[in-house]
S.K.: 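This is the structure I want to talk about, given as structure tokens.
Below, read A as the first sequence line, B as the second, and so on, with proteins coming before strands; counting in each chain starts at 1. Just so it is clear, the model here is predicted, and its values are computed rather than measured.
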Amino acid sequence: LTAPSTPRTTFPDSDVYRGVQLLARQLNDSTGVDFAVVRLDRRVAGRTPQKIARGGPPAVGTPLYVIGHPSGLPTKIAAGARVARANRSYFEANLDAFGGNSGSPVFDAGTNTVVGILVRGAPDYRAEGDCNVVNLLPDSDGGEASTNTGLFAGFVPQR
Amino acid sequence: MAPIAMNRHQPARRGASGPLLLAGALASFLLPAADRAWADQPRPQVVYGSDDRREVFGLSGAKAAAAASTVAIVDTSRLTRAATGSRLATERLGPRRTSARASGSSTSRRGRAAPASSSARTSSPPPATASPAPARSPTTASSSGSG
């Protein structure tokens, strides 16, 4: 959206890129690792690459926000979350994330560095009568999982 | 009448009710196992409730820069040629707002959900667009930038 109720649905060709090569991919149910690194058809112009964390997972309690397209909606920024648990492969947080957010960058709100890629979470909706309503969760649940960027940082050029 | 909150994670007992947002189908590409599971879940026709998520046009500073460097990934089947480039297929979720019932907003973070009601489905949400059914093959990355 460029303004309330004003969606942007056309894009100049210079802003549209095609994925041409799968550089790396991991999907492991036992470790929870889930990522893919795709090479684009050309060097990106006119955009500043985001910084990504290249070390271990963010510490428990790290403040987070996520940018993406929950349930297919126009871009949303959901902040106010914190890391609840972390291990070498992924971390969990109370992010307000939905299907469609998969692949979204998860930022450390203190450094604006990408620390994770959102990959899975709790069920989004539940049936209630004739409606499907949002599945509300307690903050303590923290069940939205993100792959640690450090696992694939080696494929991403450093700024 | 404002049945649900969009904030999924919330402590108990914080009041808020709210306007509505809309939702519908999922977007995204590279549909990993987790998203396939998501896609199998019930989907709302319309979602009502409080919402503290922010729009790109309302950002400034570092978050605006972060949003400008974040892309949407879509299937090429959803792109058509337009005079000025490519047009992304979208769908309207819900009718245009026609009454004051659909106005108002709440900015409460993690507000408590109002009870769900089937009557909500007939309320009049504001217009918006969202991406249609999930795509399952990685094809095109469209820079969403500031829009």
Side-chain angles (χ1 to χ4, degrees), chain A residues 1-3 5 7-13 15-19 27 34 36 38 40 47-50 65 67 69 71-81 94 96 99-100 102-103 105 107 112 119-121 123-139 141-142, chain B residues 3-11 23-28 30 32 34-35 38-39 41-44 47 53-57 59 62-63 65-70 72-73 82 84-88 90 109 113 116 118 120-121 126-131 138-145 147:
Chain A
L1 300 177
T2 56
S5 302
R8 178 186 176 199
T9 58
T10 59
F11 302 88
D13 290 339
D15 274 353
V16 180
Y17 297 83
R18 183 179 296 268
L27 178 60
D34 182 355
V38 178
L40 302 181
R47 306 284 170 173
T48 303
Q50 294 164 347
Y65 64 93
I67 300 178
H69 299 268
S71 296
L73 290 169
T75 313
K76 304 289 182 202
I77 297 86
N94 58 334
D96 290 329
S102 279
F107 294 82
N112 295 297
V119 293
R120 58 185 171 272
D124 294 341
Y125 301 101
R126 58 186 171 78
E128 188 169 304
D130 291 335
C131 292
N132 294 321
V133 301
V134 171
N135 183 27
L136 298 173
L137 305 166
D139 268 328
D141 187 275
Chain B
I4 56 174
M6 287 296 292
N7 305 329
R8 300 185 62 203
H9 295 86
Q10 54 187 231
L26 308 173
S28 235
L30 270 193
D35 253 5
W38 259 326
Q41 296 171 24
R43 295 184 196 173
V47 173
R53 292 176 300 186
R54 298 182 64 187
E55 306 287 351
V56 171
F57 60 78
L59 297 177
K63 283 193 175 69
S69 295
T70 301
I73 304 174
T84 55
S86 297
R87 176 174 289 109
L88 177 65
T90 61
R109 172 78 184 140
S118 59
R121 304 177 74 188
T129 57
S131 307
T139 46
T140 299
S142 170
S143 174
S144 57

S.K.: Out of curiosity, Thr75(A) OG1 to Leu59(B) CG, how far, rounded to the nearest 0.5 Å?
M.R.: 9.5 Å
S.K.: Rounded to the nearest 0.5 Å, what's the gap from NZ on Lys76(A) to CD on Glu55(B)? Could you check?
M.R.: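 The distance works out to 3.0 Å.
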S.K.: At their closest point, which heavy atom of Phe107(A) faces which heavy atom of Thr70(B), and how far apart are they?
M.R.: CZ-OG1, 4.3 Å
S.K.: For Leu88(B) and Phe11(A), which heavy atoms make the closest approach, and how far apart are they?
M.R.: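 Closest heavy-atom pair between Leu88(B) and Phe11(A): CB-CE1, 4.2 Å.
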S.K.: Are Val56(B) and Ile77(A) close enough that some pair of their side-chain heavy atoms sits under 4.5 Å apart?
M.R.: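 Yes - at least one pair of side-chain heavy atoms lies under 4.5 Å apart.
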S.K.: Counting only heavy atoms closer than 4.5 Å, note whether Asp13(A) contacts chain B via side chain, backbone, both or neither.
M.R.: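 For Asp13(A), backbone and side chain are both near chain B.
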S.K.: Could you report the tightest heavy-atom contact between Gln50(A) and Ala66(B), atom names first, then the distance?
M.R.: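 The pair with the smallest heavy-atom distance is NE2-O, 2.8 Å.
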S.K.: Looking at CZ of Arg54(B) and CD1 of Ile67(A), how far apart are the two atoms once the value is rounded to the nearest 0.5 Å?
M.R.: 10.5 Å
S.K.: Which residues pass the side chain to side chain contact (heavy atoms under 4.5 Å, CB included) test with Ala82(B), not counting sequence neighbours?
M.R.: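 Ala82(B): side chain to side chain contact (heavy atoms under 4.5 Å, CB included) contacts with Thr10(A), Arg87(B).
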S.K.: Is the backbone N or O of Thr48(A) less than 3.5 Å from a side-chain atom of Ser69(B), with the two atoms forming a donor-acceptor pair by type?
M.R.: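 Indeed, once roles are kept as given, a pair shorter than 3.5 Å links the two residues.
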S.K.: Just to verify, what does Pro12(A) make a side chain to side chain contact (heavy atoms under 4.5 Å, CB included) with, not counting sequence neighbours?
M.R.: Arg8(A), Ser14(A), Asp15(A)
S.K.: Determine the minimum heavy-atom distance between Arg53(B) and Ala78(A), stating which atoms define it.
M.R.: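 Between these two residues, the closest heavy atoms are CG-CB, 3.8 Å.
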S.K.: If you look at every heavy atom in Ala79(A) and Lys63(B), which pair is closest and at what distance?
M.R.: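 Scanning both residues completely, I find the closest heavy atoms to be CB-CE, 4.4 Å.
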